[in-house]
Amino acid sequence: MKLPESFYQRKNVVKIASDLLGKVLFTCVDGQITSGKIVETEAYSWTERGCHAFGGRKTNRNAVMFEKGGYTYVYLCYGIHHLFNIVTNRTGTADAVLIRGIEPMEGLQIMEERRGLTGRSIHLTSGPGKLTQALGIDRKLNGKFLTDSEVWVEDLGVKIPARQIVASERIGIDYAGEDARLPWRFHIRDNPWVSNG
DNA sequence: GCAATGATTTACT
DNA sequence: GTAAATCATTGCC
């Protein structure tokens, strides 16, 4: 079943990021359903430098992060890659969870076509820019609500034991100084679909 | 209006 | 391991 919006509106974005491991992300783009189990996430909060909304800085791009939990935040990075985030917490508090890796489930063939790959390549969805392409996510899906749109997350009863969850430093935000060292990245131990591997 | 830059990926050595 | 690709957004003039 779909996760209720209350799941996203809890105050601890780090807890939400780890809770999302094992949940399943669905999209329905161009009438085609694709889905994948979330195996890697990162938490971002306006209280630290790694976040676009650091210090409460609000711009056109990140405005949706200030909405209540349950909205999507999609933006373009390096001019090429779409990155998919889930907004958390309540209105006025800019926290979000970046989805970095999923394990393909439904629509494997559709994902291969979108990525231009053949075979079950690990490279299909093992990275934040790759999984958005595989799922058909782009800026059209920015600002959607996860309980009432073509993007949503379901709990299929998969439980990840605590000892299978690894916390580590976040990736690709060295410019954030000390805050880049926060252990706010979570992934499932020994899962081949985790990025940077 | 214009220059700087990045929550990445890919290819090449 | 390192480096280039590539453009929307941002911040300053």
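Numbers restart at 1 for each chain; the letters A, B, ... are given by sequence-line order, proteins then strands.
A/Arg90 forms no cation-pi arrangement with A/Phe66, by the criterion of a distance under 6.0 Å to the ring centre and an angle within 45° of the ring axis. For the pair A/Arg10 and A/Phe7, the cation sits on the ring face: its NZ or CZ lies under 6.0 Å from the ring centre, inside 45° of the axis.
Rounded to an integer number of Å, the gap from A/Tyr75 OH to B/dT5 P is 16 Å. We find that CG of A/Asn142 is positioned 13 Å from C1' of C/dT9, with the value rounded to whole Å. The CE atom of A/Met65 sits 15 Å away from the C1' atom of C/dT9 (whole-angstrom rounding). Summarising the geometry, the separation between CG on A/Leu182 and P on B/dA7 is reported as 15 Å, rounded to the nearest angstrom. Distance, A/His82 NE2 to C/dT9 P: 11 Å, rounded to whole Å. Taking atom NE2 of A/His81 as the reference point, atom P of B/dT5 lies 19 Å away to the nearest angstrom. Between the C1' atom of B/dT5 and the CD1 atom of A/Ile80 lies a distance of 13 Å, rounded to the nearest Å. Between A/Leu117 atom CG and B/dT9 atom C1' the separation is 12 Å, expressed in whole Å.
Here the nucleotide nearest the side chain of A/Arg139, chosen from B/dA7, C/dA5, C/dA8, is C/dA8. For A/Tyr78, the side-chain atoms get nearest to C/dT6 when compared with the rest of B/dT9, C/dT6, C/dT10. Comparing B/dT8, B/dA7, B/dT9 by their nearest atom to the side chain of A/Lys130 picks out B/dT9. When the nucleotides C/dT10, B/dT10, B/dT8 are ranked by their closest atom to the side chain of A/Arg115, B/dT10 comes out on top. Which of C/dT10, B/dG6, B/dA7 sits closest to the side chain of A/Arg61 comes down to C/dT10.
Using a 4.0 Å cut-off between charged nitrogen and carboxylate oxygen, A/Arg170 and A/Glu48 count as a salt-bridge pair. Between A/Arg181 and A/Glu169 there is a salt bridge, since a side-chain N of the basic residue sits under 4.0 Å from a carboxylate O of the acidic one.
Residues A/Leu76 and A/Ser126 each lie close to DNA chain B; by heavy-atom proximity, the contact nearer the 5' end of the strand is made by A/Leu76.
Between the side chain of A/His52 and the base of B/dA7 there is at least one donor-acceptor pair of N/O atoms closer than 3.5 Å.
For A/Arg185, no side-chain nitrogen or oxygen approaches OP1 or OP2 of B/dA7 to under 4.0 Å. For the OP1/OP2 pair of C/dG11 and a distance below 4.0 Å, the side-chain nitrogens and oxygens of A/Arg57 include at least one atom meeting the criterion. Put simply, A/Thr59 has a side-chain N or O that comes within less than 4.0 Å of OP1 or OP2 on C/dT10.
Under the Watson-Crick and G-U wobble criteria, each requiring two contacts below 3.5 Å, nucleotide B/dG1 is paired to C/dC12. Look at C/dA3: its Watson-Crick or wobble partner, with both distances under 3.5 angstrom, is B/dT10.
Contact annotation for A/Leu98: base contact, defined as any heavy-atom pair under 4.0 Å involving a base atom. Backbone-only engagement by A/Gly172 is indicated by non-hydrogen atom pairs under 4.0 Å involving sugar-phosphate atoms exclusively.
Closest approach of A/Met111 and A/Leu135 over heavy atoms only: SD-CD2, 4.3 Å.
With A/Val151 as the partner, the side chain to side chain contact (heavy atoms under 4.5 Å, CB included) test is satisfied by one option alone out of A/Val74, A/Leu141, A/Val29: A/Leu141.
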